[in-house]
Amino acid sequence: MRFGVVVFPGSNCDADAYHVAKDVLGQPTRFIWHQESDLADVDCVILPGGFSYGDYLRTGSIARFSPVMRAVREHAALGGLLIGICNGFQVLCEAHLLPGALIQNRGLRFICQHVHTRVEGSKTPFTRALPDGDVLRMPIAHHGGSYYAEEKTLRELRDSGRVVLRYCDAQGQLTDDSNPNGSVESIAGICNEAGNVFGLMPHPERAAEPILGSVDGRRIFTSLLQSVA
């Protein structure tokens, strides 16, 4: 599988994502500069975490208009795989490639810690190797990571099985204490209707090697490889 990692001005997790795709997974990987317009040589695009365009105005709001996003939209429309991590998830929502919005955390503080998430949708290319109910331990690092959507949108997400991850405790139980940022219905990650666009606030690329304290995030990337295989 050929990975491409988008680099916006202000991105700071692009190197992490590149390392996992190229060095940990051993897949052909390249950086995609924010002014590029041709993604034909890439199978999976990664919108990494960080502070695209300094998070000015609103997280992800300026990156939505970046030149590369036209090519990203075309890539997704043609069925190409697209994953947005943390700030990348915010960009996907701002670009209307995913519904809802990421708003400021409950408590209005930056949160950096490991959390547990429960797999709710195992039929996507990103979770094919993960059974429903499986619990993943991955870190988060964000100030505006509280997912919000109107009830109609939430109902559509639930009914179509598009809620992919929910915050939970270590035993997989959904509790208020295990929801770190106040996300509605403890939502940590969702996908689009076609299942080829996935956004999540936890950082799987920061949980892909034993030295980082967890390898659960690697299972999301290996799911992608299994899907293509």
Side-chain angles (χ1 to χ4, degrees), residues 1-8 11 13-14 16-18 20-22 25 27-50 52 59-102 121-130 138 145 147 157 160-165 187-205 208 217-229:
M1 172 178 281
R2 299 166 299 177
F3 285 91
V5 182
V6 174
V7 181
F8 297 111
S11 294
C13 298
D14 44 349
D16 305 58
Y18 180 93
V20 170
K22 185 176 187 297
L25 300 179
Q27 302 300 304
T29 307
R30 74 175 182 90
F31 286 117
I32 301 170
W33 188 234
H34 68 109
Q35 293 179 325
E36 290 193 40
S37 59
D38 185 1
L39 305 182
D41 63 333
V42 173
D43 300 309
C44 180
V45 173
I46 301 175
L47 299 184
S52 59
T59 53
S61 61
I62 298 179
R64 167 189 176 184
F65 299 103
S66 184
V68 75
M69 287 304 294
R70 171 177 287 187
V72 169
R73 289 187 182 91
E74 292 174 352
H75 173 82
L78 292 172
L81 296 168
L82 173 59
I83 178 171
I85 301 168
C86 195
N87 188 235
F89 187 11
Q90 296 163 341
V91 174
L92 290 177
C93 289
E94 288 287 339
H96 304 300
L97 287 166
L98 289 175
L102 281 307
S122 61
K123 296 181 180 179
T124 76
F126 310 91
T127 52
R128 194 170 300 277
L130 303 169
M138 299 180 288
Y147 182 76
L157 290 172
S160 58
R162 292 164 56 194
V163 176
V164 180
L165 297 174
I187 291 175
I190 62 172
C191 68
N192 67 337
E193 189 171 358
N196 65 310
V197 178
F198 176 39
L200 73 166
M201 287 310 297
H203 285 266
E205 82 284 7
R218 187 192 302 180
R219 299 172 65 194
I220 290 176
F221 294 103
T222 54
S223 290
L224 282 169
L225 300 186
Q226 290 185 21
S227 297
V228 173

If we only count heavy atoms from C-beta on, is the Thr127 to Val164 side-chain gap below 4.5 Å? yes
What verdict does the side-chain contact (heavy atoms from CB on, under 4.5 Å) test give for Leu98 and Val197, after you've listed the backbone C-alpha separation in whole Å, the side-chain angles of each residue and the deciding distance to 0.1 Å? CA-CA 8 Å; Leu98 289 175; Val197 178; 4.0 Å; yes
Please report the shortest heavy-atom distance between Thr124 and Cys191, naming the atom on each side. CG2-SG, 4.0 Å
Can you find a pair of side-chain heavy atoms, one from Pro204 and one from Phe221, that are under 4.5 Å apart? yes
Decide yes or no for Leu200 and Ile220: does some side-chain heavy atom of the first lie under 4.5 Å from some side-chain heavy atom of the second? yes
In Å and rounded to the nearest 0.5 Å, what is the OG to CD distance from Ser52 to Glu94? 9.5 Å
Counting only pairs under 3.5 Å, give me each side-chain donor-acceptor contact of residues 71-85, with atom names and distances, residues two or more places apart or in other chains.
| unit_1 | atom_1 | unit_2 | atom_2 | d |
| --- | --- | --- | --- | --- |
| His75 | NE2 | Asp43 | O | 3.4 |
| His75 | NE2 | Leu81 | N | 3.3 |
| His75 | NE2 | Leu81 | O | 2.8 |

Once rounded to the nearest 0.5 Å, what's the spacing between atom CZ of Arg2 and atom CG of Asp41? 6.5 Å
Check step by step if side-chain contact (heavy atoms from CB on, under 4.5 Å) holds for Gln27 and Leu225. CA-CA 9 Å; Gln27 302 300 304; Leu225 300 186; 3.9 Å; yes
Answer yes or no: is there a side-chain heavy-atom contact under 4.5 Å between Leu47 and Phe8? yes
Leu157 and Pro99, any side-chain heavy atoms less than 4.5 Å apart: yes
Could you give the distance from CD (Gln226) to CG (Leu224), rounded to the nearest 0.5 Å? 10.0 Å
For Arg162 and Ser160, the nearest pair of non-hydrogen atoms, with its separation, is CD-OG, 2.8 Å
Counting only N and O atoms by type, is there a donor-acceptor contact under 3.5 Å from the side chain of Ser223 to the main-chain atoms of Ala129? yes
Given the rule in the salt bridge (Lys or Arg N to Asp or Glu O under 4.0 Å) test, do Arg30 and Glu36 qualify, once you have shown the distances and angles that lead to the verdict? CA-CA 12 Å; Arg30 74 175 182 90; Glu36 290 193 40; 3.0 Å; yes
Of the non-hydrogen atoms in Ser11 and Val6, which two are nearest, and what is the gap between them? OG-O, 4.3 Å
So which heavy atom on Tyr147 is nearest to which on Cys93, and how close? CE1-SG, 4.5 Å
Do Ser66 and Met69 come within less than 4.5 Å of each other through their side chains, counting heavy atoms only? yes
Any residue meeting ring pair (Phe, Tyr, Trp, His ring centres under 6.0 Å) with Phe198, in chain and number order, not counting sequence neighbours: Phe126
Sub-4.5 Å side-chain heavy-atom contact between Met201 and Leu102: yes
With side-chain contact (heavy atoms from CB on, under 4.5 Å) as the test, would you mind laying out the steps for Val68 and Ile32 before giving the verdict? CA-CA 8 Å; Val68 75; Ile32 301 170; 3.8 Å; yes
Heavy-atom pair with the smallest gap, counting every atom of Ala188 and Pro202: O-CD, 3.7 Å
Full working for side-chain contact (heavy atoms from CB on, under 4.5 Å) between His203 and Cys13: CA-CA 9 Å; His203 285 266; Cys13 298; 3.8 Å; yes
Do Arg128 and Ser227 pass the side chain to side chain donor-acceptor pair (under 3.5 Å) test, and can you show the C-alpha distance, the side-chain angles, and the key distance before you say yes or no? CA-CA 7 Å; Arg128 194 170 300 277; Ser227 297; 3.0 Å; yes
What distance separates Leu130 CG from Lys123 NZ, expressed to the nearest 0.5 Å? 14.5 Å
Val20 side chain near Arg218 side chain, heavy-atom distance below 4.5 Å: no
Apply ring pair (Phe, Tyr, Trp, His ring centres under 6.0 Å) to Phe31 and list each qualifying residue two or more places apart in sequence or on a separate chain. Tyr18
Just verifying a value: how many Å separate Glu205 CD and Asp16 CG, rounded to the nearest 0.5 Å? 5.5 Å
From Met1 atom CE to Thr29 atom OG1, the distance as rounded to the nearest 0.5 Å: 10.5 Å
